[in-house]
Every structure is written in structure tokens, then in C-alpha cells.
Amino acid sequence: MERVAGQLAGNLPFVVYRKPKEKVVHALLQQDKKLHEVSDFTESGFVLAPFNSDRPAVLLKVDVQLEAGHSADGHTEREAGTVPRVNPHERDFHINLVKKGIAKIQKGEIKKMVLSRCLRIDCPADPLDLFQSLLSTYANAFCYLWYHPGVGMWLGATPEILLRCGNRQLTTMSLAGTQPYRQNTDPVWGQKEIGEQALVTEFIHKALESKVSGLTTSDLESVRAGDLWHLRTKLSGRVHGSLSEIIEALHPTPAVCGLPLREAKQFIHEHENYDREYYTGYLGELNMKRERYRTPDKSNSENRAYRTVTSTTELFVNLRCMQLQGNKGLIYIGGGVTVDSDPLKEWEETVNKSFTMLKAIQGT
């Protein structure tokens, strides 16, 4: 982490991250302060894209690439600790926001929308300590710390893949529905969560069926992400269009926006009363070259002579995230609203989701 700390001290762009269930931490360093933007997704680097797809995605150029091993320190079951005192105005605003959303859905204009809020808290911890806390707490999430002096600092532990693409093979997922994790208890899903997840899966399938051949859909499954359960369906196939077409078709999905997309997005912009910026956008490796060997055994020189270099893209939805502004932290949290939603339960869902970042802060 010394090189990353030096990069931060020099006010230079970087990202440090670990993929789900892996034990390798990657650091990508850019050696100048130039702000690059993605134009057609043929570029190579690390991309950070906003929720609003009309705004440009930022590309971190890779001048230095580093790797280091990391294993969890055993604190994967940290208690959530003290919850920040609820601001009654913020609570009432979000509950009323959900009520407005339900009323819109009942009129038949929208099937589903994702409504969110921003929790502002004191956060004096060192950013690299926060990142280390995320690594130790969330082994099954994509954990990252991203910085550019022209954009700011973001970090998070997201459970959701937007897409993986390499050698024209594509994998994506629909992830919707949320329940708190309770030890030794399997989740029991209601109609609201099952219906919400089905809407997302149907959207993704329709969005990809003309751009991906051999499109397959997995069975519905429950997956755990930290202290939460979610419903997940995986979709895969072979890409015969461009990467930009695939990303444009997928982002934003109903899992972070709603259905129909245009109407849901308009409601969000008019009623959420804040700018999501990069929350519910996406981030990750864009056209990064990876070397692969027949065997990882370094002592086997014969098999390691068979090396292939592939270009892969692996993007994650920017959920369970926080923006750092000096000694303040902005935690972004939301949930899907359908005709079966209960406004108070939707508020409680955002409280449960806030624990992801709160636990990381308290872990420092």
C-alpha cells in the first residue's frame, strides 16, 4: 500500500481493488492529473461511470500496475455498531418519496422504480484504512477505493456484476430483492421481492437477445452479500455486437433505475432531491489485457510456455458505496419500489443497506 499512499499524498489518480472471492489486491496508478473520458469503449483502463448515462464515463489510464496478496483477517462478522441518529426530516422525506412512487405505479405509468437517499456522516478515518476494513469485512464483494483530483474519492463493496466479457463470451446478472441476513435462517421471499427480481431479469433478457447469441438464463437463487440476502439470476451468451452497444443496452438496469426506464429516470430526477453522481453507475476494468498460462505452477516451465493474452472487461454496479469529502462521508442507499411496497419497510431497507459502509468505518 506504500505506492498507493504515495500516489494519494501526491494528489495523483489511482484505484485499488479486489474482486469477489479473490485474494489479490490490484492497484492501478495514473502518473498525471489529466481527466480522461471514455468515447466508444474501445479504450483500455479502469472506468467509472455515473448513473446518468448522458454524462461521460471517466477513464483512469494505467501507467503503473501493481498486485499484492491479501487474506481476510477473520473479522467477517463484525457487529454493525452504533447506527447514526435518524434525522426525522430525512426519514419523513424518504417515506413520502416512496409513497409518491407507489402512487405513480398505481396509476399504471411505471412498473417499478428505485428510490434512494444520501446519508451524511462524520468520517475522519484514513481512506486506505477504510479500504483495508472493506477487504477484511466483505470477502464476497468487489471492494475498491478510487480517486481522481478532478472528480473526488469513492469507495465501496458492491455485490453486483454489470457484465463480464472476454473472448466474446458475456456474463451478466439481475440482482434484486433484499432481506437482512439472520444466522442459521434461510430467507423466505415474498411476492414483492420475487416480482421485482422477475422484472429486472425480463428487461435484461430483452435488452440482450438481439445482441447476444445462445443467451441462457440460470435458475433463481438466493445469495448473501454481507449482512443482506438478495435474489439473483445469471445470464450468459456470446456477443456479436460491440461492447458499447452491450453497455448502452444494460445501463441503467431496472435494478438501479426502474421500468420503463425513461419514465422512472424522470421521476428520480424530479423527486429524489439530490444528484446520485456515480452511485448506481458502474466501474471496473475496461479492455484490460490478462496473461493466462496452461498451469499456474511457476516451476513447470514447459506448460508455462503456452501463454495466451486476452482482453477482458469486468464491470460492477456501484452499490454499497460512499463518497469521501474531507472528514465527511456520503453513504448512498436505496431500494426497489413496486406496487406491493410498504413505505416504512422501504425506509428500513435503506437503513439495513447503510450498515455495509458503516461497519467499514467502525472497523477502522
Side-chain angles (χ1 to χ4, degrees), residues 51-53 90-118 159-160 162 172-181 186-209 217-223 225 228-235 249-274 276 279-280 317 319-320 332-354:
F51 165 68
N52 190 342
S53 54
E90 292 179 0
R91 177 181 179 275
D92 292 345
F93 180 88
H94 189 76
I95 289 175
N96 288 329
L97 174 65
V98 173
K99 288 179 179 178
K100 291 177 184 176
I102 294 172
K104 192 82 169 177
I105 292 170
Q106 288 173 337
K107 291 180 181 178
E109 300 174 26
I110 297 176
K111 294 182 180 179
K112 171 199 171 174
M113 64 181 74
V114 178
L115 300 177
S116 68
R117 64 188 180 96
C118 180
E160 185 170 352
L162 179 67
T172 184
M173 70 166 62
S174 66
L175 191 78
T178 302
Q179 283 189 26
Y181 168 78
D186 292 331
V188 177
W189 300 102
Q191 183 55 45
K192 187 262 182 183
E193 294 87 1
I194 294 173
E196 180 185 351
Q197 209 277 341
L199 284 174
V200 178
T201 303
E202 182 183 4
F203 168 86
I204 294 175
H205 195 281
K206 287 184 176 179
L208 293 179
E209 60 185 356
T217 303
S218 73
D219 293 334
L220 183 63
E221 59 182 342
S222 298
V223 292
L228 299 173
W229 283 106
H230 299 289
L231 284 167
R232 180 177 72 183
T233 303
K234 294 181 180 179
L235 299 94
L250 287 178
H251 177 69
T253 71
V256 300
C257 183
L259 271 176
L261 283 175
R262 185 176 63 84
E263 288 80 358
K265 185 185 288 188
Q266 182 177 347
F267 185 93
I268 289 168
H269 289 325
E270 291 177 355
H271 296 281
E272 271 192 348
N273 202 32
Y274 83 102
R276 291 187 180 187
Y279 166 60
T280 61
V317 183
L319 304 174
R320 315 295 190 272
Y332 296 90
I333 37 184
V337 176
T338 70
V339 70
D340 298 313
S341 289
D342 179 298
L344 181 57
K345 289 183 178 179
E346 295 299 332
W347 161 262
E348 292 169 349
E349 181 176 321
T350 67
V351 173
N352 290 330
K353 288 178 176 177
S354 71

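- Nearest heavy atom pair, residue W189 against residue G177, reads CZ3-C, 3.9 Å.
- Separating the CG atom in L162 from the CE atom in M173 is a distance of 10.0 Å, to the nearest 0.5 Å.
- With sequence neighbours excluded, no residue forms a salt bridge (Lys or Arg N to Asp or Glu O under 4.0 Å) with E209.
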Give the table of side-chain donor-acceptor pairs shorter than 3.5 Å for residues 250-269, with sequence neighbours excluded, one pair per line with atom names and distance.
residue : atom : partner : partner atom : Å
H251    : NE2  : P50     : O            : 3.0
H251    : NE2  : F51     : O            : 3.2
T253    : OG1  : A255    : N            : 3.2
K265    : NZ   : S53     : OG           : 3.4
Q266    : NE2  : E270    : OE2          : 3.1

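- Every residue two or more places apart in sequence or in another chain was checked for a ring pair (Phe, Tyr, Trp, His ring centres under 6.0 Å) with F203, and none qualifies.
- Side chains of T172 and L208 form a contact here, defined as non-hydrogen atoms less than 4.5 Å apart.
- Here the CD1 atom belonging to I333 is positioned 7.0 Å from the CH2 atom belonging to W347, to the nearest 0.5 angstrom.
- Between the side chain of Y279 and the main chain of G334, a donor-acceptor pair closer than 3.5 Å is present.
- One distance of note links CZ of R232 with OG of S218; it measures 7.5 Å at 0.5 Å rounding.
- Between atom CG of residue L235 and atom OG1 of residue T217 there is a gap of 4.0 Å, rounded to the nearest 0.5 Å.
- Residues forming a salt bridge (Lys or Arg N to Asp or Glu O under 4.0 Å) with R117 (at least two apart in sequence, or on another chain): none.
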(request) Carefully, step by step, assess H230 and T178 under the rule side-chain contact (heavy atoms from CB on, under 4.5 Å). (result) CA-CA 5 Å; H230 299 289; T178 302; 3.4 Å; yes
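- The salt bridge (charged side-chain N to carboxylate O under 4.0 Å, His left out) analysis of residues 188-207, with sequence neighbours excluded, yields the pairs K112-E196, K192-E196, K192-E346, E202-K206.
- Put simply, SG on C118 and CG on N273 are 11.5 Å apart, with the number rounded to the nearest 0.5 Å.
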Which atom pairs, one a donor and one an acceptor, fall under 3.5 Å between side chains of residues 92-100 and the rest of the protein, sequence neighbours left out?
residue : atom : partner : partner atom : Å
N96     : ND2  : D92     : O            : 3.1

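- Atom CD of E160 is separated from atom CG of L175 by 4.5 Å, given to the nearest 0.5 angstrom.
- Here the closest non-hydrogen pair linking S174 and T201 is OG-OG1, 2.6 Å.
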(request) Take Q106 and V339, measure what side-chain contact (heavy atoms from CB on, under 4.5 Å) needs, and give me the verdict at the end. (result) CA-CA 6 Å; Q106 288 173 337; V339 70; 4.1 Å; yes
